[in-house]
Amino acid sequence: MSQKVSFSGIPRSAYVHIPFCRRRCFYCDFPVSVVGDRLRGETSGTICQYVEVLCQEIAITPAFGQSLETIFFGGGTPSLLSTEQLQRILAALEERFGIARSAEISMEMDPGTFDLAHITGYRSSGVNRVSLGVQAFQEELLKIAGRSHSVVDILAAVELIRQVEVPEFSLDLISGLPHQSLDQWQDSLTKALAIAPTHISIYDLTIEPGTAFGRYYQPGDNPLPTDEATVKMYQTAQQALKSAGYEHYEISNYAQPGHQCRHNRVYWENRPYYGFGMGAASYVQGKRFTRPRKTKEYYQWVEAGAVIDCEVTPPLEILLETLMLGLRLAEGVSLAALTREFGEGKVEEIYQCLRSHFEQGWVEVVGERLRLSDPQGFLFSNVVLSGLFAELGE
């Protein structure tokens, strides 16, 4: 392995985890805390305490002298925060790291969790990108998935987002839900395109152990759609969205030209980033670290000084991460950058490992970039990457 790998990148992005939800969706394995239907940030001592500890973590995190260019509030349901709580977190980030004037500030929001006053407050506080968790446009599928909102809530949320003129608006959908038909999927795509957000994310359902779905269903069994059906759903989405002018810039993400998510590209390009909050991951100075996933342990960790106690990521692992993340992007990874960081011998080894996939048409080189083909390479990305990892890791 070449010794050229370095960790000189300075984090310019921050992920902030807000773990609170009205209820836990049946597919969710994220670190969340259920606070019920009526409890919001301004009335919840639980949320107030969390914001206090979160800001404490931000205040004691080492800064490297460059302002943040992207901030992403994920969850959970960040739209359960009050405007004042959001402003307090942003003020803590500004004081510790600085926030660039052109920063992308994203916030995940669920339909039915905010009104005009809240989204107006979020917008005036600096939020300029909203990711709306729609998931489906059929009442029966929303109930099956354990979502707490209705189709009426979706349409109301869209109108509020339009009313305050959020510059960047993303909409999330899930394919492969139990009992979901291709006709229902087509209907969801049609309704999403009618809304015309600047960005659409399409996620294929993954059955995770420990979730409600993990208890109810086994992958591949009824009432989950067959593998053939989920492949058709993926292809249908790809064709519909590209025909509507969206760029398929990442396996699960589509954007109108000029509207890709700047923050998520940080992950896919394997660049460093801060992480704050319960269960949040960070990648700073070559160290990948995930904070405690339970509230009590997270609070104790912050109280003890928020020490990141882990080893620097080994070069081989960095290479595998670079390939795993970068090949999710339509443009793939730079061969010149791989050669510079890991050496010509390692790049030649990658070519040899992928030889059969080149022949299948799943992998290709365009210009100076190694990439998966769209849609076949994307569809079989797990096969390509698992084989590549197995051979490179030997």
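For clarity, every value in this text was computed on a predicted model and none was experimentally measured.
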Quick one: salt bridge (charged side-chain N to carboxylate O under 4.0 Å, His left out) pairs with a partner in residues 49-76, sequence neighbours left out? Arg12-Glu69, Glu52-Arg88, Glu57-Arg291
Step through it carefully: locate the ring centre of Tyr274, locate the ring centre of Phe97, and say whether they are under 6.0 Å apart. yes
Which pairs pass salt bridge (charged side-chain N to carboxylate O under 4.0 Å, His left out) with one or both residues in residues 220-245, sequence neighbours excluded? Lys242-Asp374
At their closest point, which heavy atom of Thr322 faces which heavy atom of Val333, and how far apart are they? O-CG1, 3.7 Å
With the side chain counted from C-beta on, respond yes when Cys310 and Arg288 share a heavy-atom pair under 4.5 Å apart, and no when they do not. no
May I ask you to decide if Ala117's main-chain N or O and Thr120's side chain share a donor-acceptor pair within less than 3.5 Å? no
For Thr290 and Gly279, indicate whether the former's side chain and the latter's backbone hold a donor-acceptor pair under 3.5 Å. no
Are side-chain heavy atoms of Leu379 and Gln235 found at a separation under 4.5 Å? yes
Glu108 versus Thr77: any side-chain heavy-atom pair under 4.5 Å? no
What do you reckon, is CD of Glu95 surrounded by more than 12 foreign heavy atoms closer than 6.0 Å? no
Which heavy atom of Gln186 sits nearest a heavy atom of Thr236, and at what distance? OE1-CG2, 3.2 Å
Check the side chains of Ser188 and Gln138 for a donor-acceptor pair under 3.5 angstrom, ignoring hydrogens and angles. yes
Could I get the full list of ring pair (Phe, Tyr, Trp, His ring centres under 6.0 Å) partners for Phe72, not counting sequence neighbours? His263
Using only atom types and a distance under 3.5 Å, with no angle test, would you say the side chain of Gln260 pairs donor to acceptor with the backbone of Ala255? no
Residues joined to Phe30 in its hydrophobic cluster, side chain to side chain under 4.5 Å directly or through other members, sorted by chain and number, are Val32
Go through the structure and list residues passing side chain to side chain contact (heavy atoms under 4.5 Å, CB included) with Pro19, not counting sequence neighbours. His17, Tyr50, Met278
Within 6.0 Å of CD in Glu269, more than 12 heavy atoms from elsewhere: yes
Across all chains, not counting sequence neighbours, the ring pair (Phe, Tyr, Trp, His ring centres under 6.0 Å) partners of Phe26 are none
Indicate yes or no: at least one non-hydrogen side-chain atom of Leu86 is less than 4.5 angstrom from one of Val127. yes
Please check: side-chain N/O of Arg96 versus main-chain N/O of Thr61, any donor-acceptor pairing under 3.5 Å? yes
Do Asn128 side-chain atoms and Ile105 backbone N/O form a donor-acceptor pair below 3.5 Å? yes
Can you find a pair of side-chain heavy atoms, one from Leu338 and one from Leu319, that are under 4.5 Å apart? yes
Are the side chain of Tyr27 and the backbone of Gly146 linked by a donor-acceptor contact shorter than 3.5 Å? no
Salt-bridge contact Arg162-Glu159 (side-chain N to carboxylate O under 4.0 Å): yes
Between His149 and Val134, is there a donor-acceptor pair closer than 3.5 Å when you use the side chain of the first and the backbone of the second? yes
Please, which pairs that meet salt bridge (charged side-chain N to carboxylate O under 4.0 Å, His left out) have at least one residue in residues 322-337, sequence neighbours excluded? Glu250-Arg328, Arg265-Glu331
Hydrophobic cluster membership, Ile154 vs Leu80, 4.5 Å side-chain cutoff: yes
Decide whether Gln352 and Glu348 meet the rule of one side-chain donor and one side-chain acceptor closer than 3.5 Å. yes
Go through the side-chain N and O atoms of Glu364 and Ser373 and say whether any donor and acceptor fall under 3.5 Å apart. no
Please list all pairs passing the salt bridge (charged side-chain N to carboxylate O under 4.0 Å, His left out) test where one or both residues lie in residues 147-157, with sequence neighbours left out. Asp110-Arg147
What pairs of residues pass the ring-ring contact (aromatic ring centres under 6.0 Å, His included) test when at least one of them lies in residues 171-194, not counting sequence neighbours? none
Donor-acceptor pair, side chain of Glu94 and main chain of Ile99, under 3.5 angstrom: yes
Any side-chain heavy-atom pair of Phe342 and Ile318 under 4.5 Å: yes
For residues Leu173 and Val152: do they belong to one hydrophobic cluster (side chain heavy atoms under 4.5 Å, members Ile, Leu, Val, Met, Phe, Trp, Tyr)? no
Could you report the tightest heavy-atom contact between Ser201 and Ser170, atom names first, then the distance? OG-OG, 4.0 Å
Does a sphere of radius 6.0 Å around CD in Glu344 hold more than 12 heavy atoms from other residues, nucleotides or ligands, not counting ones at 6.0 Å or beyond? no
At their closest point, which heavy atom of Gly176 faces which heavy atom of Pro225, and how far apart are they? O-CD, 3.5 Å
Measuring centre to centre across the rings, with the benzene-like ring taken for any Trp, is Tyr267 within less than 6.0 Å of Tyr273? yes
Specify the closest pair of heavy atoms between Tyr234 and Ile251, including all atoms of both residues, with the distance to one decimal. OH-O, 2.9 Å
Are the side chain of Glu104 and the backbone N or O of Arg262 linked by a donor-acceptor pair below 3.5 Å? yes
Looking at residues at least two apart in the chain, or sitting in another chain, which of them share a ring pair (Phe, Tyr, Trp, His ring centres under 6.0 Å) with Trp362? His357, Phe380
Non-hydrogen side-chain atoms of His248 and Leu241 separated by less than 4.5 Å: no
Report yes if some heavy atom in the side chain of Ile202 is under 4.5 Å from a heavy atom in the side chain of Leu189; otherwise report no. yes
Mind jotting down which residue pairs meet the ring-ring contact (aromatic ring centres under 6.0 Å, His included) criterion with at least one end in residues 210-231? Sequence neighbours excluded, please. Phe213-Tyr217
Judged by atom type as modelled, is there a donor-acceptor pair below 3.5 Å linking the side chain of Gln85 to the main-chain atoms of Ser82? yes
Does Glu208, at its CD atom, have more than 12 non-hydrogen atoms belonging to other residues, nucleotides or ligands within less than 6.0 Å? yes
Which residues pass the ring pair (Phe, Tyr, Trp, His ring centres under 6.0 Å) test with Tyr299, sequence neighbours left out? none
Using every non-hydrogen atom in the two residues, find where Gly214 and Gln218 come nearest and quote the distance to one decimal. O-NE2, 4.4 Å
